[in-house]
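Remember, predicted model here, so these are calculated numbers, not experimental data. Letters go in sequence order (proteins before strands), and every chain restarts at 1. Atoms considered below: every heavy atom in the structure, side chains included; atoms not considered: hydrogens, waters and symmetry mates.
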Protein chains: 2
Amino acid sequence: MDVLARAPETRFETLVDELREAILTGRYRAGERLVQEDLAEAFRVSRIPLREALRRLEGEGLVIISPNRGAIVRPLAPKDIVDLYDLRLALETLAVRRAAERYADVREATTRRREEAAAAVESGALTTLFRLDRDFHADLAAASDNPHLVAALGGQWSQIMRIMHAYLRVGTYAPNVWQEHSGLADAVAHGDADGAAERLRLHLTTSRDRILADLWDKGPVSR
Amino acid sequence: MDVLARAPETRFETLVDELREAILTGRYRAGERLVQEDLAEAFRVSRIPLREALRRLEGEGLVIISPNRGAIVRPLAPKDIVDLYDLRLALETLAVRRAAERYADVREATTRRREEAAAAVESGALTTLFRLDRDFHADLAAASDNPHLVAALGGQWSQIMRIMHAYLRVGTYAPNVWQEHSGLADAVAHGDADGAAERLRLHLTTSRDRILADLWDKGPVSR
DNA sequence: CGCGCAGATATTGTATACAATTCTGGACTG
DNA sequence: CAGTCCAGAATTGTATACAATATCTGCGCG
């Protein structure tokens, strides 16, 4: 057998992840055309897996495909930010309530990552920072024991990550985010569903308002 | 120009709808293998648009694709029913609250369809009945003015329709569903967010319990 | 200056071919 | 007789090429 562990992934799977990452980080900007031939060459694949990947991302709401006209990166308007956070709050509130009812101990989801996040802030590694944020909330969602909810939230996180990359800077990213994460995890672990829901609401509304405040400074840009 | 309105749809789009419909109505049953060559022949298309359609349905959670092993119709366990209704309640509660805040008049969404549904019950046209049900709730969701929420709910409805087709009969389908729809639409139109949310909760929990009760009769079938 | 049409461009759909992986059934071995 | 292994079948994954269709662009013409 091979010394190196063989990646069992198909080209479609890696391609979806790479393309999603490229859109999330702004390498392909909002409204930009995604020409199949160009993408296929850039990612060293043929058009078949590429088309499948585009269809998947279309399903996630990251790209828009018009028949015979091609794909573009979906534009993001300020209202999208409000709507997405509204939706995310509803989904994640359900998640933390269910997790609290089960007394799920999600505290290690913070302790493990808290100092890593601090280091990322220090070095300005924004992508790492956002990934840690997402991973924490993903663990929280998984604690709900509702796979369908986890899947729905997973789809929304693509959009959230796009917003973060587009509008957050080290100076904008709240320094006490991980403090809020800890309090949230504690409430869940103690079975305090109402407290967890309220902490989540505060956490998300402040995050959203921080983004919106930053947005007004720079004008209604669609990146 | 042509007399007949030309369908501007691509094969992928029609294929997704046809395949989804086939799975929803049980033509392909849970766990059944979906062989690409066979499907391509059955729907008179080549494998490329077929693969794209399967990827889309995989994203909707209707099929499961294993690398090099092919696609199957996703099995539905009783816990899935509970989880899906839990998720749906959270999403739709947000929708009706937002709709109520806007005093959205969704009452014609019931009046138009109420007698049509009664006729469908009479003639035993279950598929028509389910479609009317979905259309009402889709109108309700649209009244929230949150496209992302509408999209999320749309994805969940594929699963809900599967459950309905699998477990509901004319005798099981509640006769006063459309009465509840009317009350819900009235509350929304009067801007009574709390009342609408409570009516929705009752509507969905009774629907769910009816399905679960029917399920225990027949045993834990995965159709 | 506006309009329309032809060519260029791009995408979609399809066919074909082949590689890679998984599954299957039976022969072989202990 | 049970278990293993292997060759071939079946299926999926990918690449290439090409026809059909739709869109876009720019030029000529009235």
- How is Leu34(B) classified with respect to the nucleic acid when contacts are heavy atoms under 4.0 Å: base, sugar-phosphate, or nothing? sugar-phosphate
- Quick one: closest heavy-atom pair of Glu115(B) and Thr111(B), and the distance? OE1-O, 3.2 Å
- Message: What is the separation between atom CD1 on Ile72(B) and atom C1' on dT12(D), rounded to the nearest whole Å?
- Response: 15 Å
- Task: Would you mind reading off the distance between Ile64(B) atom CD1 and dT12(D) atom P, rounded to a whole angstrom?
- Result: 16 Å
- Position toward the 5' end of DNA chain D (nearest nucleotide), Ile48(A) or Glu37(B): Glu37(B)
- Task: Starting at CG of Leu149(A), measure out to CD of Gln156(B) and round the result to the nearest 0.5 Å.
- Result: 9.0 Å
- Taken to the nearest whole Å, CZ/Phe43(A) to P/dT14(D) is 15 Å
- Task: Ignoring hydrogens and angles, state whether a donor on the side chain of His137(A) or Glu92(A) is under 3.5 Å from an acceptor on the partner side chain.
- Result: yes
- Query: Is the phosphate of dT14(D), meaning OP1 or OP2, less than 4.0 Å from a side-chain N or O of Ser46(A)?
  - Reply: no
- Query: On the ring face of Phe136(A), is Arg113(A) found with NZ or CZ under 6.0 Å from the centre and within 45° of the axis?
  - Reply: no
- Side-chain donor-acceptor contact under 3.5 Å, Arg47(B) with Gln36(B): yes
- Checking dT22(C), dT12(C), dT14(D) against the side chain of Arg51(A) (C-beta onward), the nearest is dT12(C)
- Item | 5'-most by nearest nucleotide on DNA chain C - Val35(A) or Arg69(B) | Val35(A)
- Task: Return the value, rounded to whole Å, for the distance between atom CG of Leu50(B) and atom P of dT12(D).
- Result: 9 Å
- Task: Output the single nucleotide from dT21(C), dT14(D), dT23(D) whose closest atom is nearest the side chain of Asn68(B).
- Result: dT21(C)
- Item | side-chain N/O Thr10(A) vs dT12(D) OP1/OP2, d < 4.0 Å | no
- Atom pair distance, as rounded to whole Å: CZ in Phe12(A) and P in dT14(D): 10 Å
- Query: So does Arg33(A) get a side-chain nitrogen or oxygen closer than 4.0 Å to the phosphate oxygens (OP1/OP2) of dT11(C)?
  - Reply: yes
- Task: Between Glu52(A) and Arg47(A), name the one whose nearest nucleotide on DNA chain D is closer to the 5' end.
- Result: Glu52(A)
- Query: When the distance from CG of Leu39(A) to P of dT12(C) is rounded to whole Å, what number comes out?
  - Reply: 12 Å
- d(CD, Glu41(B); P, dA15(C)) in whole Å: 12 Å
- Item | Phosphate-side-chain proximity, Gln36(B) and dG13(D), N/O vs OP1/OP2 below 4.0 Å | yes
- Task: Return the value, rounded to whole Å, for the distance between atom CD of Glu13(B) and atom C1' of dT12(C).
- Result: 11 Å
